Amino acid sequence: MTELDFERRESMDFIREIVARDIQSGRYHGRVVTRFPPEPNGYLHIGHAKSIALNFGIAEEFGGVCHLRFDDTNPETEDMEYVEAIMRDVRWLGYDWQDKLFFASDYYEQFYQFAEQLIVDGKAYVDSLDEEGIRQYRGTVTEPGRPSPYRDRPIEENLDLFRRMRAGEFPDGAHVLRAKGDLAAANMKMRDPVLYRIRHATHYRTGDDWCIYPMYDYAHPISDAIEGVTHSICTLEFENNRAIYDWTLDNLYEEPRPHQYEFARLNLDYTVMSKRKLLQLVEENYVAGWDDPRMPTIAGLRRRGYTPEGIRLFCKRIGVDKTNSRVQIEVLENAIRDDLNARAPRVMAVLRPLKVTLTNYPADRSEWLEADYWPRDIDKSGTRQVPLARELYIERSDFSQNPPEGWTRLAPGSEVRLRHAYFIRCDEVVTDPATGEVVELRCSYDPDSLGKPSTAERRRSTAIQWVAANHAVPVEVRLYDRLFTVANPDEVEEGKTFKDYLNPKSIDVIDTALVELSLAQAEVGSRYQFVRHGYFIVDGDSTAQKLVFNRIVDLPDAFTAKLAGVVKGREARQETEKQPSEVVVGSISEERERARTADVWLAEKYASFMATLGLTPEQADPITGSREVVAFFEAALETGASARTVANWINNEVLRLFRDRRDGDLPFSAADLGELAKLIDSGAVTTAAAKTIYTEMAAGNGSPQQIVHRLGLDQTLSESELTTLVQQVLAKLPDKVAEYRSGKVSLLGMFTGQVMRATGGKADPRQVQELLRRQLEA
RNA sequence: UGGGGGAUAGUUUAAUCGGCAGAACACCUGACUCUGGAUCAGGCAGUUGGGGUUCGAAUCCCUGUCCCCCAGCCA
């Protein structure tokens, strides 16, 4: 069992809910097939990890499979190098596509045949407008497009032209194949989307076999359908494209066919996530390559020392939703720490050494001390020997000439514990006379303090790390920090680019660092915790002469953070003053206002409903937006129901039916609504029961009277029957009753709900609450 | 500006039919500690504004505001 298994998903995200529902309903006969469809034109980054975890995760959880498909429909940017890098990264993250490795380029012939079919069906045509022309004819978001002069070419001519496009008779850009969509569509994507373009380019897999290439919007849905994908999950910016997705498959496939769902892509603070920008950082040498440990690429994170398990844990913690969001970098770092905490052995390293001489330790002596690799709270064991001698090094920052309040490290005249070893006392501070810099500490050690806990007399000290001078291993340590100085580098000031916000201190190379002897033969890729510093990994740049360590992530340091007064993680936060909200009186719709201006009859109704029926403007407005609704309202009143009740029900419930109905009539008549209102007015049914009745009416299940009779809503419960129900409900929830009695009175609503449900809505909630209070306070 | 999507603690998210606003990260207190780490205990903090329906609204109705996406022969 891994750590991941312990973090149980207590609720499903909306996509998993859809998958679960489709399994339940048998839509795909229980099959679940997802896919991760990268284009091989760049390296994968942490944002892709979210998508990979989603797609492969769903497949695993629901007993399905996830395909790895390269969406390679653009010969000009794609390359085998990327294919290999992507496969390596997905595998490294711990996912397995089994034998389901696919390439859209393998479907080229099929795409082509389908395209001919669309032409023959009169659903696609060859357009000979140039790029600029197409743009012109497409219109804008507010103006409809116009048909291209080539839109009505005969089918035979389209077919001929399209075949000659394939045969290579035309130069790039001469013609395109377009879908016959809807030039007036509000969704710009549907204004005759391009399906094929001519590109005389060599494709990294198909070579020069083709000179026409399909567009994403056309190739993607067909690829999904060919592979039998059930749930095609992509990011939010493709929401508009779903219309083409559906258009394509509705024309070429039968249900059950794949369907597309969209979720919000990941944004992380202090980094960028667009392939274009990452490519720029690499090509313009702002970083050392795709796998620079500062990069948010999977390759970069791997080199940095992040673990697949840590990244997966992160993905689980951030969840999946449709809200655009920016995740704080701490969430990622914390997931990595949580993973590393249990798997990285603790060792000692001194990054900025300060020499210490133990004046009472014989110069010719040395000893080997046993040191645990793991702290008490980690359920692992193992030790190594560390050498101690007269001269050693400690961390410069573990000594202070003028210690601040609360200092538990070394200071003149005071003691500190050397981790795994003795207490030492600082007797003398040697400084460089020229600079005043501390160059050496002369200390005495307490030979009796080995393995003994600090006593009451001996003040509590930090156990600091150290290395013996004669056995210290010099290494290079690379400390990494955030790549950018601002949380959102995509948001730039006038005249600047994201590159103006690069953090000049994103890497700090320390070549004076010393590590303990046990690390002398450390292997590339092994991870350690340098006690009190952070987690580190041996980098591939290491040589036989010198090891190189990357800092994966540091350790929180509450003391230093507090001293510095830095409030970590929210230093940029401003106290945003809440604007006093404008008080808007009333809420009259402009649209209906216009309708009444245009139609005096409506305006008169509006006025008279207020004057003679006593409706408020807010009640009168929604029912006087169209003659149809007015007529419905007046017809309902003829039953003798009160205007107020009918108006409220129309406003809150019936208007939705008018809006949503597909065709023809409402499922009930105005007279039915009037009858319902009368039942409410007379107190014959409770409002709770009225809701039930209305729901039945809306479902077309008869008149109010019939429904009341059928459901027995006219029967009333005696007080003693109700009391019994109340007691039963309370008896089932003893914990909640106790909570209520100890002050959590908001539980009354929950109790009420329970009782109301038990009565099937027949009870009066006010009476229920009265009885509940009596019982609860008894 | 037309269309599409979105808004719940500082952040990411949960809340079944309208019925307990819950968690994680961050932050603050304390305990413990041979890591100022980890762990444990406690705390601060929220439904985008206004109005309505209801015994009861994050959820339903009306009306504002803000954010994102779409006018590539990229994906």
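From a predicted model like this one, the values you see are computed outputs, not experimental measurements. Protein chains get the first letters and strands the later ones, always in sequence-line order, with residue 1 at the start of each.
With hydrogens and angles left out, the side chain of A:Glu653 and the base of B:U53 share no donor-acceptor pair within 3.5 Å.
Taking atom P in both B:U13 and B:C62, one finds a spacing of 27 Å when rounded to whole Å.
The cationic atom of A:Arg178 (NZ for Lys, CZ for Arg) does not lie both less than 6.0 Å from the six-membered ring centre of A:Tyr125 and within 45° of the ring axis.
A straight line from CG of A:Leu657 to P of B:C60 spans 15 Å, rounded to a whole angstrom. If you measure from atom CD1 of A:Ile198 to atom P of B:C73, you get 14 Å, rounded to the nearest angstrom.
Both distances falling under 3.5 Å, in either a Watson-Crick or a G-U wobble arrangement, place B:A23 opposite B:U12.
When distances are taken from the side chain of A:Thr73 to each of B:A75, B:A71, B:G37, the shortest belongs to B:A75. Listed nucleotides: B:C60, B:C25, B:U13. Nearest to the side chain of A:Thr323: B:U13.
Comparing A:Arg197 and A:Lys691 against RNA chain B, the residue whose closest nucleotide sits nearer the 5' end is A:Lys691.
Relative ring orientation between A:Tyr422 and A:Tyr445 is described as perpendicular, the plane-to-plane angle rising above 60° on a 0-90° scale split at 30° and 60°.
OP1 or OP2 of B:A26 lies within a sub-4.0 Å distance of a side-chain N or O belonging to A:Asn334. At B:A75, none of the side-chain N or O atoms of A:Lys189 fall inside 4.0 Å of OP1 or OP2 (strictly under the cut-off).
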